[in-house]
Colleague: 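If you scroll down you'll find the structure; I have some questions about it.
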Amino acid sequence: MPKKFFITTAIDYPNSRPHIGTAFEKIGADVQARYRRMEGCDVHFLMGNDENTIKVSRKATELKRAPKEYCDDMANQFKEVWRALDISFDDFIQTSEPRHHVGCQKFIQKVFDNGHIYKGHYEGLYCDGCEGFKTEKEVKEAGGVCPDHRVAPVLRKEPCYFFALSKFQDKLLSFYEQHPDFIQPESRRNEIVTLVKSELRDVNITRLGQEWGIKVPFDPEFTIYVWFDALLNYITAVGYGTLAGCASDGEPNPSLARLANEADFATWWPADIHFIGKDITRFHCALWPAMCFAAGIEPPRSVFGHGFVYIKKDDASAAEKISKSLGNVIEPMEIITKFSSDGFRYYFMRECPFPGDGEFSWERFAAVYNSDLGKNLGNLLSRVTTLIINNFDSVLPGTAGQMPTPIAADLAETVRQVQAHMQACQYNSALEKIWRQILDPANQYAEKNEPWKLVKTDKDAAKPILFNLSEPLRIAAILLKPVLVRSSATIYGSFNFTQPWEKVRYADVCTRPTQAEDLRVIATLDARGKVPPLFPVIK
RNA sequence: GGCGGGGUAGCUCAGUUGGUCAGAGCAGCGGCUUCAUAAGCCGCGUGUCGCCGGUUCAAAUCCGGCCCCCGCUACCA
């Protein structure tokens with residue numbers, strides 16, 4: 001029975017379209033999902049949008065649309081971008097969906113029944129733009145206005161419900177101790193441990209008198225507020241609180257039989273890894289496990305707080321945070337349509353260490369794309385295939401039943417290291433290894449043996465050289481499969497390799513089966529009679 | 001203010017327990033080559049390893065002080 005692996009990403013606010021920063025997270029999560037699938041795991045990859053906020057309903061009103069309709073439209077736009085980026089999500093939850101509402105209400109009721117929610121009141125400076133209370137300090141420092149929205153907050157006092165987070169301090173600390181890998185990277189872990197050790201305040205989890213949102217079941221005057229709603233998407237999406245084949249009101253409905261339900265929840269939960277931005281680690285690493293304790297469910301296995309992508313202008317000025325007000329937002333679609341999904345994915349995975357921050361500039365993008373993808377990898381495929389096509393009519397006779405001689409040294413060790421890096425989400429290191437250990441030696445091998453010369457003097461001698469050169473292409477295709485979704489398949493599919501592409505695993509790198517038939521270039525050729533360039537160089 | 005992480009070639013960064021550790025990639029320069037996407041290969045870096053002092057036969061690598069940068073967090077207010 002395959003090991004289950006449940007991966008999530010943060011759910012996004014749909015009041016603006018996704019930018020490359022949000023895409024960075026999805027790509028990193030997708031690489032992990034694809035890697036785990038390759039390694040035989042039964043993966044469930046969840047993404048979604050966070051829709052129950054006042055901003056959403058406000059924006060919808062502005063556009064004279066119903067909130068739900070607006071959310072659905074935005075969700076489609078998000079999914080369109082994610083699909084274009086080849087993000088292989090299995091499910092996309094919108095928190096306005098019935099399954100989320102039902103599960104949320106079950107959850108909060110459960111926590112209430114367990115005695116971890118109490119009624120109180122809260123008074124503070126409230127900013128509508130933030131949908132939240134600001135501390136006096138924040139407001140004062142910004143000169144009497146909200147630092148984010150530059151409007152004066154209003155004093156507001158209202159009854160509300162609190163979640164007794166403070167009660168879970170000891171339990172959280174011992175949980176961190178028992179699960180040293182719960183928070184990654186380690187620097188984030190240290191921050192959270194320090195935070196939880198110092199102070200945990202009970203958190204306000206409701207809002208009064210709002211239409212859009214999820215009603216508090218034990219007091220419908222209130223709606224559930226932000227985190228107590230948003231975090232729950234991870235469990236409601238896989239069926240928490242939903243009975244098999246029942247509508248949201250609990251009435252049996254056969255047409256819903258295939259929806260996630262409690263049995264699915266038991267299958268998938270706990271999540272193996274939540275991918276989130278480093279700015280929301282405290283909610284995922286302190287509040288969320290405490291909520292799980294309070295409701296009597298297991299907390300997630302791990303949380304990975306990735307870094308941010310900053311925009312670097314090509315004029316060498318300092319990198320900027322991505323922000324609409326700075327007008328530096330780059331739409332993922334812009335990169336995808338100009339170049340390719342694989343180019344986008346490669347740049348971010350290679351250039352931006354996932355645990356830390358990275359930068360994007362068009363100049364840098366072009367440099368990395370050209371040198372790594374175009375000149376190094378793409379060109380290797382071109383030169384090898386062209387030699388076989390032009391000199392052997394696409395077939396290397398006598399290679400059936402043969403094994404190529406390895407070019408790279410310590411292949412098994414390289415694979416082991418790449419695997420370790422993939423598992424640790426150190427994608428940049430994994431990719432660097434592949435280039436240095438597999439692709440560089442291949443180009444060097446070609447140069448040293450000069451098959452283009454041999455072909456004119458001694459074809460039989462050229463044959464094994466070309467056969468051997470197919471091997472690093474096969475290996476690179478397999479190792480790169482989680483990252484270069486399309487081009488890895490193109491590379492692999494350029495030859496009649498014995499194993500089916502859908503089934504290859506990292507372990508197959510070292511145990512290539514003997515070539516069943518003579519090695520043949522089976523790629524579709526372009527007008528020149530050559531394999532089309534994989535990554536056309538950017539001028 | 002406290003805690004944590006950093007400051008290494010033009011750029012991005014590797015450097016495990018102190019002793020070929022002064023490195024890689026990119027960019028740049030020179031040469032070779034022409035199968036290939038004007039692609040490839042080879043060669044070239046005297047860099048105060050942030051600053052100062054200390055320990056040691058030996059420190060980028062340990063200790064102390066200082067200066068910057070980043071993250072989390074606090075307080076004054």
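Note that these values count all heavy atoms, side chains included, but never hydrogens, waters or copies made by symmetry. These numbers come from a predicted model, not from an experiment. Naming convention: chains lettered A, B, ... in sequence-line order (proteins, then strands); numbering from 1 in each chain.
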Colleague: If you take any heavy atom closer than 4.0 Å to RNA chain B, which residues from residues 344-351 of chain A end up in contact?
Modeller: none
Colleague: May I have all residue pairs that pass ring pair (Phe, Tyr, Trp, His ring centres under 6.0 Å) and include part of residues 474-495 of chain A, sequence neighbours excluded?
Modeller: A:Tyr492-A:Phe497, A:Tyr492-A:Trp501, A:Phe495-A:Phe497
Colleague: Applying side-chain hydrogen bond (donor to acceptor under 3.5 Å, both in side chains) as the test, list every pair that has at least one member in residues 272-283 of chain A; sequence neighbours left out.
Modeller: A:Lys4-A:Asp272, A:Thr8-A:His274, A:Asp272-A:Arg301, A:His274-A:Trp288, A:Lys278-A:Asp357
Colleague: Looking at residues 185-196 of chain A, who's got a heavy atom less than 4.0 Å off RNA chain B?
Modeller: A:Arg188, A:Glu191, A:Leu195
Colleague: List, one per line, each side-chain donor-acceptor pair under 3.5 Å for residues 392-403 of chain A, sequence neighbours excluded.
Modeller:
from: A:Thr399; atom 1: OG1; to: A:Leu396; atom 2: O; distance (Å): 2.6
from: A:Thr399; atom 1: OG1; to: A:Leu519; atom 2: N; distance (Å): 2.8

Colleague: Once ring pair (Phe, Tyr, Trp, His ring centres under 6.0 Å) is applied, do any residues pair with A:His116, and if so which ones, sequence neighbours excluded?
Modeller: A:Phe168
Colleague: Using a 4.0 Å cut-off on heavy atoms, which residues in residues 274-289 of chain A reach RNA chain B? List them by number, or say none.
Modeller: A:Arg282
Colleague: In residues 429-465 of chain A, which residues come under 4.0 Å of RNA chain B by heavy atom?
Modeller: A:Arg436, A:Asn443, A:Gln444, A:Glu447, A:Trp452, A:Lys453, A:Lys456
Colleague: Could you tell me which residues satisfy side chain to side chain contact (heavy atoms under 4.5 Å, CB included) with A:Pro404, sequence neighbours excluded, listed by chain and number?
Modeller: A:Phe467, A:Asn468, A:Glu471, A:Arg512
Colleague: List the atom of A:Ser487, the atom of A:Leu534, and the distance in Å for their closest heavy-atom pair.
Modeller: CB-CD2, 3.8 Å
Colleague: For residues 19-31 of chain A, pull every pair meeting salt bridge (charged side-chain N to carboxylate O under 4.0 Å, His left out), keeping only residues two or more places apart or in separate chains.
Modeller: A:Asp12-A:Lys26, A:Asp30-A:Arg34, A:Asp30-A:Arg345
Colleague: Identify every side-chain donor-acceptor pair in residues 171-183 of chain A under 3.5 Å, counting partners at least two apart or on other chains, and give the distances.
Modeller:
from: A:Ser174; atom 1: OG; to: A:Asp170; atom 2: O; distance (Å): 3.3
from: A:Ser174; atom 1: OG; to: A:Lys171; atom 2: O; distance (Å): 3.1
from: A:Tyr176; atom 1: OH; to: A:Cys285; atom 2: O; distance (Å): 2.5
from: A:His179; atom 1: ND1; to: A:Phe175; atom 2: O; distance (Å): 3.1

Colleague: Identify the stems formed by RNA chain B, where each pair is Watson-Crick or G-U wobble with both distances under 3.5 angstrom and a stem is at least 3 consecutive pairs.
Modeller: B:1-7 with B:67-73, B:10-13 with B:23-26, B:28-32 with B:40-44, B:50-54 with B:62-66
